[in-house]
Amino acid sequence: MNANFQHWLQQSIEELKAQNLYKQPPILRSPQGGRVQINGRWLINLASNNYLGLANDPRVVQAAVEASLKWGAGAGAVRWLGGTNELYEQLEQKLAEFKKTEAVLVFQSGHNANSGTIPACFGEGDVIISDELNHASIIDGVRLSNAKYKKSEGYVYQHKDMNHLEDILKRCGHFKKRLIVTDGVFSMDGDIAPLPEIVALAEKYDAVVMVDDAHASGVLGEHGSGTTSHFGLYGRVDIQLGTLSKALGVIGGYIAGSRLLKEWLINRARPYLFSTALPPAAVGALLKAVEILMTDPEPMRRLWENARYWKENLQRLGFDTMGSETPITPVFCGDEAIAQQMETRLREEGVFTLGIVYPTVPRGKARVRTMPNATHTREDLDEALGAFEKVGKELGLIGQWV
């Protein structure tokens, strides 16, 4: 191995540790749920995106088993080379019904969906206008395009600032195509994009709208179909990204839109063209998960009941939840060291959650991100609130930011 490279790696890791930015993933010894086992202890799980508890729902697990027994362990090929079995066709038809769009194309992940779709559709002579807090996968997709997009050149608008967005649009009439791209629900703050205003501006200035609904899928709208449904904007959003790995509990992502969009992406989206398809177990499980979402309102009801209770009581204790409107509930710390200390102390008190620091969020905006889900009992949440109150007092957070 190259000694200089190894030295650089070691030095860089030590710098991360010195800046309180170093992370190591905890190893779970149990399935996802309201509580998980880590290092021999059962902890209340507030770190998971498993919003509806479908990741280990017996119906979803059984569907995965049955698909594996019938179709095998793997797809065996990229989709256009023979990796698309009839389960894929059924899933895409069901998702299009779920989203009320003409068509859906499934990718191996939400990140792949963004990094494949954006550069396939926008390039030289186009401009991409992005919310400053968009997810990293959107940013990666934008960077892969040859379109204009840089913040330094004035194409990134201040978070949810519609006046700033319109100012940018006014300067972009000379581009061939204009894309406005936003998260539907912002993954680190839990707030919702002002989609009606974005769509109105797009229609005024002849722009395309793309919404990443990773954290709105299974959470907002009819049956959890996302922000387009939440705001009643059917037919007015050109490109919708959905995730299959959060509320749906499995793996993958998809793009919903017109039949022409799907046809183009099949031919030009590089992750679709050059990555092996999802295994049959995942596709079979997803078919069952979508069916549950569309027919059983109880998981979403429990999710929102728990989310409201959790938020109200954190705020009552004096924590700053940063204006969150969804189950994603950040607890603002500011300082990176405080966020890391809070994560450690909460785990000692029996609560599993994560400190979020740069580069996931800007420096000085560190927070502990909490995620109540449909599987939590009231006892789980009350016990966790007790831990937050104790640790918040120790670290001087309670009441400091309000």
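Using a cut-off of 4.0 Å between Lys/Arg side-chain N and Asp/Glu carboxylate O, K160 and D131 are scored as not salt-bridged. Salt bridge E389/K393: present, at least one basic N to carboxylate O contact under 4.0 Å. K204 and E166 are joined by a salt bridge, as a carboxylate oxygen and a charged side-chain nitrogen come within less than 4.0 angstrom of each other.
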### Query
Passes side chain to side chain contact (heavy atoms under 4.5 Å, CB included), Q240 versus T101? Steps please.
CA-CA 9 Å; Q240 298 180 59; T101 57; 3.7 Å; yes
### salt bridge (Lys or Arg N to Asp or Glu O under 4.0 Å) between E291 and K288, intermediate numbers included
CA-CA 5 Å; E291 176 190 317; K288 177 57 67 173; 3.3 Å; yes
### Message
For a salt bridge (Lys or Arg N to Asp or Glu O under 4.0 Å) check, start with the C-alpha distance between E343 and R347, then their side-chain angles and the critical distance, and finish with the verdict.
### Response
CA-CA 6 Å; E343 174 189 325; R347 201 167 302 181; 3.0 Å; yes
### Query
When you look at K311 and T321, which way does the side chain to side chain contact (heavy atoms under 4.5 Å, CB included) test go after all the steps?
CA-CA 7 Å; K311 287 178 187 298; T321 57; 5.6 Å; no
### Query
Is there a side chain to side chain contact (heavy atoms under 4.5 Å, CB included) between D189 and I328 once you walk through the steps?
CA-CA 7 Å; D189 294 63; I328 299 169; over 6 Å; no
### Task
Quick one: do L265 and Y272 satisfy side chain to side chain contact (heavy atoms under 4.5 Å, CB included)? Show the steps, please.
CA-CA 8 Å; L265 293 176; Y272 174 90; over 6 Å; no
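In terms of heavy atoms, G116 sits closest to P271 at CA-CD, 3.4 Å. Listed here is the closest heavy atom pair of V250 and A285: CG2-CB, 3.9 Å. Scanning both residues, P372 and L381, for their nearest heavy atoms gives CB-CD2, 4.5 Å. Annotation for G323 and D191: closest pair O-CB, 4.2 Å, computed over non-hydrogen atoms. Between I180 and A202, the closest heavy-atom pair is CD1-CB, 3.9 Å.
The environment of NZ in K262 is crowded: more than 12 heavy-atom neighbours from other residues, nucleotides or ligands sit within 6.0 Å. Heavy atoms of other residues, nucleotides or ligands lying less than 6.0 angstrom from CZ of R301 number more than 12. Residue-environment remark: CD (E263) stays at or below the threshold of 12 foreign heavy atoms within 6.0 Å. Residue K148 qualifies as open at atom NZ: its count of foreign heavy atoms under 6.0 Å is 12 or below. By the neighbour-count criterion of 12 heavy atoms within 6.0 Å, atom CH2 of W80 is sparsely surrounded, having that number or fewer from other residues, nucleotides or ligands. No more than 12 heavy atoms of other residues, nucleotides or ligands lie within 6.0 Å of NZ in K94, so this atom counts as exposed by the packing criterion. Other residues, nucleotides and ligands place no more than 12 heavy atoms under 6.0 Å from the NZ atom of K150. The environment of N2 atom CG is dense: over 12 non-hydrogen atoms of other residues, nucleotides or ligands sit within 6.0 angstrom.
With values rounded to the nearest 0.5 angstrom, S187 atom OG is found 9.0 Å from M371 atom CE. Rounded to the nearest 0.5 angstrom, R345 CZ and I338 CD1 are separated by 12.5 Å. Note that CG of L395 and SG of C333 are 7.5 Å apart. Values are rounded to the nearest 0.5 Å. One finds the OG1 atom of T117 at 11.5 Å from the CG atom of L144 (value rounded to the nearest 0.5 Å). Here the CD1-CD distance, from I192 to E325, works out to 4.5 Å after rounding to the nearest 0.5 Å. In this structure, E92 CD and E97 CD are separated by 14.0 Å, a value rounded to the nearest 0.5 Å.
With E336 contributing its side chain and V357 its backbone, the two residues share no donor-acceptor pair below 3.5 Å. A donor-acceptor pair under 3.5 Å links the side-chain atoms of D126 to the main chain of G123, judged by distance alone. Side-chain atoms of H376 come within 3.5 Å of backbone atoms of N373 as a donor-acceptor pair (strictly under, hydrogens ignored). For T227 (side chain) and H230 (main-chain N/O), no donor-acceptor pair under 3.5 Å exists by modelled atom type. In this structure a side-chain-to-backbone donor-acceptor pair under 3.5 Å is present from W264 to A120. T375 places a side-chain N or O within 3.5 Å of a backbone atom of G34 that can act as its donor or acceptor partner. In terms of modelled atom types and a separation under 3.5 Å, the side chain of D380 and the main chain of T377 share a donor-acceptor contact. The backbone N or O of Q158 lies less than 3.5 Å from a partner atom in the side chain of H164, making a donor-acceptor pair. A donor-acceptor pair under 3.5 Å is formed between the side chain of S68 and the backbone N or O of A64. Distance alone, capped at 3.5 Å, places no donor-acceptor pair between the D213 side chain and the L241 backbone.
Put simply, the side chain of L43 reaches to within 4.5 Å of the side chain of I38, judged on heavy atoms. No side-chain heavy atom of V78 sits less than 4.5 Å from a side-chain heavy atom of L273.
Neither side chain, S225 nor K100, offers a donor N or O lying under 3.5 Å from an acceptor on the other. For the residue pair D183 and H215, no side-chain donor N or O sits within less than 3.5 Å of a side-chain acceptor on the partner. A donor and an acceptor atom, one from each side chain of E14 and Q10, are located under 3.5 Å apart. Side-chain contact annotation: E222 with S229, donor-acceptor N/O pair under 3.5 Å absent. For the residue pair N114 and H135, no side-chain donor N or O sits within less than 3.5 Å of a side-chain acceptor on the partner. In summary, the side chains of E66 and Q62 do present a donor paired with an acceptor at a separation below 3.5 Å, with no hydrogens or angles considered.
The ring of W304 has its center no closer than 6.0 angstrom to the ring center of Y309. Under the 6.0 Å cut-off for aromatic ring centres, H159 and F186 qualify, their centroids lying closer than that.
Taking the centre and axis of the six-membered ring of F332, the NZ or CZ atom of R367 falls outside the cone set by 45° and 6.0 Å. A cation-pi contact, defined as under 6.0 Å to the ring centre and within 45° of the axis, links R79 to Y88. Under the 6.0 Å distance and 45° angle rule, R178 does not count as a cation-pi partner of Y205.
Exactly one of L91, L105, V106, L286 qualifies for a side chain to side chain contact (heavy atoms under 4.5 Å, CB included) with Y254. That residue is V106. The only member of T182, V181, I118 that meets side chain to side chain contact (heavy atoms under 4.5 Å, CB included) when paired with S130 is V181. Checking V290, L52, V60, T243 one by one against L248, the side chain to side chain contact (heavy atoms under 4.5 Å, CB included) holds for a single residue, V290.
Partners of K246 according to the side-chain hydrogen bond (donor to acceptor under 3.5 Å, both in side chains) rule, which considers only residues two or more places apart in sequence or in another chain, do not exist here. Applying the side chain to side chain contact (heavy atoms under 4.5 Å, CB included) test to Q32 and every residue at least two apart in sequence or in another chain returns L28, V36, N45, S48, N50, A55.
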